Number of protein chains: 2
Amino acid sequence: MWLQLMFMLSKTCEYALRAMIYVAQQSRNGKVVNIKEISENIDSPELFIGKILQGLSKQGFLKSSKGRYGGFFISEKDAKTSLADIIIAIDGDKMFKGCGVGLAYCSDINPAPFIMNIKQLGV
Amino acid sequence: MWLQLMFMLSKTCEYALRAMIYVAQQSRNGKVVNIKEISENIDSPELFIGKILQGLSKQGFLKSSKGRYGGFFISEKDAKTSLADIIIAIDGDKMFKGCGVGLAYCSDINPAPFIMNIKQLGV
DNA sequence: AGATATTAAGATATTTTTATCCTATTTAAA
DNA sequence: TTTAAATAGGATAAAAATATCTTAATATCT
């Protein structure tokens, strides 16, 4: 069974994931994509996603080539990266720790995904 | 079965939930608590949580009393408020909509809690 | 009535996140 | 070799989130 996690990601991280997924798709077809194309397809500010990918590229999550017909691409090997690793690279691992509410029953051993339902304050 | 949701809340929202839970606990013992006590117990900036509770109080999530021996408290009725309502009051409902990654398979009908596991870019 | 302790409210300050600008460097095609 | 198109990198700007300050209003105790 899959554990369903719903995240609130930073804009930066959201753009990054969308971009990485888009580049990965294109790379499977052997295509190198430039920032303009990426930003148009994932609906993000062009220069901003440029900066983000520049950073991810430095960290080795994808490759870039400069110059005419340059752009970004993801090798078969890099495509094995889990989305979680990208999230951690950008937003850090705070998301995977603690429950965000800081109740007593949250700990490292029981990192308390915040049980939400119909739980009321008074119970 | 309970659905497990793990959130990244804004600081404001995190403080708010912790404060509300603390006040609710104290109110069950008939105790009115002031900002200083609250901030010490939930580890938040005193003036900041003051502002936050001031807002929640205006919206009717809890009661306040001014003057000496004043403070905040939550009636039995108000204690029925769900944490989700407080989150929405502060962070809005964006958290309950969309998947944050904006993939094609996310929609209003299928609001795609972000399936996370070992999913890889390349699959 | 006076002193003290509390929330209310508006203004302001600080920090972080998001976004843009400008110039340099690189590459390929003409 | 020149030109055009692309990323790299550093600086800056704008917006949003977080935090604090100051004064006013209110309530309680003596």
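Because the structure is a prediction, the values reported are computed rather than measured. What's counted below: heavy atoms across the whole structure, side chains too, no hydrogens, waters or symmetry copies. Convention: sequence-line order gives letters A, B, ...; per-chain numbering from 1.
- Atom C1' of nucleotide C/dA19 and atom CD1 of A/I42 are separated by 14 Å, given to the nearest angstrom.
- Of the candidate nucleotides C/dT18, C/dT7, C/dC21, C/dT18 has the atom lying nearest to any side-chain atom of A/K11.
- Following rounding to the nearest Å, A/K63 (NZ) and C/dT27 (P) show an atom-to-atom distance of 16 Å.
- Taking atom CG of residue B/L47 and atom P of nucleotide C/dG10, one finds them 16 Å apart after rounding to whole Å.
- The two residues B/F61 and B/D85 have their closest heavy-atom pair at CZ-O, 3.9 Å.
- Using Watson-Crick or G-U wobble geometry with both donor-acceptor distances under 3.5 Å, C/dT26 finds its partner in D/dA5.
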(request) Might you work through the side-chain contact (heavy atoms from CB on, under 4.5 Å) test for B/F73 and B/Q26, ending with a clear yes or no? (result) CA-CA 8 Å; B/F73 60 98; B/Q26 299 305 309; over 6 Å; no
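- If you walk DNA chain D from 5' to 3' and mark each nucleotide with an atom closer than 4.0 Å to a heavy atom of chain B, the marks span D/dT18 to D/dC29.
- For C/dA8, the base has no donor-acceptor partner in the side chain of B/K51 [N/O atoms by modelled type, under 3.5 angstrom].
- Between the CD1 atom of A/I35 and the P atom of C/dA19 there is a distance of 15 Å, rounded to whole Å.
- Residue contacts for B/G71: at a heavy-atom cut-off of 4.0 Å it reaches the sugar-phosphate backbone alone, with no base atom in range.
- Here the closest heavy-atom approach between residue A/N34 and residue A/G70 is recorded as CB-O, 4.0 Å.
- For the pair A/S65 and B/T12, nearest-nucleotide mapping onto DNA chain D gives the more 5' position to A/S65.
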Below 3.5 Å between N/O atoms, which protein atoms pair up with nucleotides 23-26 of chain C? Just atom names and distances, please.
{"from": "C/dT26", "atom 1": "O2", "to": "A/G67", "atom 2": "N", "distance (Å)": "3.3"}

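- As a whole-Å value, the separation of B/E37 CD from C/dT6 P is 10 Å.
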(request) Determine, step by step, whether A/I90 and A/L56 satisfy the side-chain contact (heavy atoms from CB on, under 4.5 Å) criterion, reporting the C-alpha distance in whole Å, the side-chain angles of both residues, the deciding distance to 0.1 Å, and the verdict. (result) CA-CA 9 Å; A/I90 291 175; A/L56 288 175; 4.2 Å; yes
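- Contacts of A/E40 classified as salt bridge (Lys or Arg N to Asp or Glu O under 4.0 Å), with partners at least two apart in sequence or in another chain: A/K36.
- Nearest-nucleotide mapping onto DNA chain C: of B/N34 and A/F48, the residue sitting toward the 5' end is B/N34.
- A donor-acceptor pair under 3.5 Å is absent between the side-chain atoms of B/D78 and the main chain of B/I74, judged by distance alone.
- Here the closest heavy-atom approach between residue A/C13 and residue A/I87 is recorded as SG-CA, 3.7 Å.
- The two residues A/I49 and A/A16 make their nearest non-hydrogen contact at CD1-N, 4.2 Å.
- Closest approach of B/A19 to B/L53, counting heavy atoms only: CB-CD2, 4.1 Å.
- One finds a side-chain N or O of B/S64 lying less than 4.0 angstrom from the OP1 or OP2 phosphate oxygen of C/dA8.
- Heavy-atom nearest nucleotides on DNA chain C were determined for B/I38 and for A/Y69, and the one closer to the 5' end corresponds to B/I38.
- Salt bridge absent: A/K51 and A/E46 never bring a charged side-chain N and a carboxylate O closer than 4.0 Å.
- The separation between B/E40 atom CD and C/dT6 atom P is 11 Å, rounded to whole Å.
- Atom CD of A/E46 is separated from atom P of C/dT20 by 10 Å (rounded to the nearest Å).
- In this entry the distance linking CG of B/L53 with P of C/dA8 reads 9 Å, nearest Å.
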